[in-house]
Amino acid sequence: MFTLSQTSRAWFIDRARQAREERLVQKERERAAVVIQAHVRSFLCRSRLQRDIRREIDDFFKADDPESTKRSALCIFKIARKLLFLFRIKEDNERFEKLCRSILSSMDAENEPKVWFVSLACSKDLTLLWIKQIKNILWYCCDFLKQLKPEILQDSRLITLYLTMLVTFTDTSTWKILRGKGESLRPAMNHICANIMGHLNQHGFYSVLQVCDSCPPVCDFSTLQHLHLDFYICVQHTWCPPQKHFS
């Protein structure tokens with residue numbers, strides 16, 4: 001009798017232990033399922049968001065848009081923020097090229113301060129955001145310069161484009177906003193340029209210049225060589241210490 005009671009008790013405890021372990025396993029499975037579902041939903045949401053943003057950027061840069069040269073600097077700034085938010089070099093290289101061309105086009109506008117991209121540097125609310133954005137854009141230009149091959153015609157055009165971006169936003173001499181009454185802004189703008197040059201220098205800017213300087217001349221490369229010369233002068237006067245001057 002006593003033995004039977006002990007056997008029943010042991011059997012009951014063992015069944016309770018097994019049931020407890022099964023409940024723990026089931027809870028772990030449910031938790032794992034929730035985590036997997038969360039990751040899948042997160043991936044789908046990010047993919048949908050990135051797809052929608054890229055579609056919006058593509059619509060903004062439509063080649064057949066007659067108003068593309070008259071877009072305000074603020075519009076370009078906002079679309080640039082969206083592009084940089086999800087930027088991938090291989091996937092967004094054409095979008096980045098269009099962004100750079102749009103920025104340079106805005107800088108060439110005549111007597112339209114709201115169109116000049118650099119005019120946002122004068123906005124109290126946007127100055128820091130603009131400086132951060134232009135730093136990122138210029139460094140991506142450097143990243144592209146490392147990969148491009150000048151012996152390829154299309155690449156040589158892109159090299160010219162990205163060097164022009166670097167020249168334009170590291171030297172205030174071509175900024176139309178500083179003409180006439182805007183001359184009083186020149187010291188502050190020069191300080192911004194020095195800040196940008198310091199950022200590029202810290203990230204390995206000179207190694208990029210050396211890669212560009214070693215490019216073999218192909219076809220009519222006079223424009224690119226002229227940009228090299230202007231850029232070296234700009235670098236020397238703005239940031240480069242005496243021992244690092246380029247010949």
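What you see below is based on every heavy atom in this structure, not just the backbone, and it leaves out hydrogens, waters and symmetry mates.
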Going by heavy atoms in the side chains, are [X] and [Y] under 4.5 Å from each other?
X	Y	result
Lys62	Asp59	yes
Glu94	Phe61	no
Ser102	Lys98	no
Met165	Leu138	yes
Leu83	Ile53	no
Cys75	Ser72	yes
Glu30	Val34	no
Arg48	Arg51	yes

Hey, what do you get for [atom1] ([X]) to [atom2] ([Y]), rounding to the nearest 0.5 Å?
X	Y	atom1	atom2	answer
Ile159	Cys141	CD1	SG	12.0 Å
Phe96	Tyr140	CZ	OH	8.5 Å
Ser119	Glu112	OG	CD	11.0 Å
Lys27	Arg29	NZ	CZ	14.5 Å
Leu166	Ile196	CG	CD1	10.5 Å
Ile76	Ser106	CD1	OG	4.5 Å

I would like to know whether Gln133 and Ile137 meet side-chain contact (heavy atoms from CB on, under 4.5 Å); could you show each step before the answer? CA-CA 6 Å; Gln133 182 181 99; Ile137 291 174; 3.9 Å; yes
Checking side-chain contact (heavy atoms from CB on, under 4.5 Å) for the pair Leu104/Leu161: CA distance, chi angles, key distance, verdict? CA-CA 9 Å; Leu104 292 176; Leu161 172 65; 3.5 Å; yes
Under-4.0 Å salt bridge between [X] and [Y]:
X	Y	answer
Glu28	Arg31	yes
Arg101	Glu97	yes
Asp92	Arg95	yes

For the side chain of [X] and the backbone of [Y], is there at least one donor-acceptor N/O pair under 3.5 Å apart?
X	Y	result
Ser123	Leu120	no
Trp175	Val118	no
Arg54	Leu86	yes
Thr172	Asn190	no
Lys82	Ile57	no
Thr170	Met197	no
Ser47	Phe43	yes
Thr168	Thr164	yes
His203	His199	yes

Verify the cluster assignment for [X] and [Y]: are they in a single hydrophobic cluster under the rule of side-chain heavy atoms below 4.5 Å apart?
X	Y	result
Trp130	Phe85	yes
Leu128	Phe169	no
Ile89	Leu200	yes

As a quick check of understanding, evaluate side-chain contact (heavy atoms from CB on, under 4.5 Å) for Ser156 and Leu148, giving each step before the final call. CA-CA 8 Å; Ser156 67; Leu148 295 172; over 6 Å; no
If you take all heavy atoms of [X] and [Y], which pair is closest and at what distance?
X	Y	answer
Ile177	Trp116	CA-CZ3, 3.5 Å
Cys142	Phe205	SG-CD1, 3.9 Å
Thr127	Ala121	OG1-O, 3.0 Å
Asn93	Lys90	OD1-O, 3.6 Å

Once you measure the plane-to-plane angle for Phe144 and Tyr162, does it fall in the parallel (<30°), tilted (30-60°) or perpendicular (>60°) bin? parallel
By the definition side-chain hydrogen bond (donor to acceptor under 3.5 Å, both in side chains), identify the one residue from Gln18, Arg17, Arg23 that meets it with Glu21. Arg17
What do you reckon, is CD of Glu183 surrounded by more than 12 foreign heavy atoms closer than 6.0 Å? yes
Please check if the number of heavy atoms outside Arg186 that lie under 6.0 Å from its CZ is greater than 12. yes
Report the C-alpha distance between Arg88 and Gln50 in whole Å, list the side-chain angles of each, state the deciding distance to 0.1 Å, and finish with yes or no for side-chain contact (heavy atoms from CB on, under 4.5 Å). CA-CA 11 Å; Arg88 294 179 181 176; Gln50 292 175 0; 4.2 Å; yes
Modelled atom types, side-chain donor and acceptor of Asn111 and Lys176, under 3.5 Å: no
Validation row, ring centre Phe117 to ring centre Phe77 under 6.0 Å: no
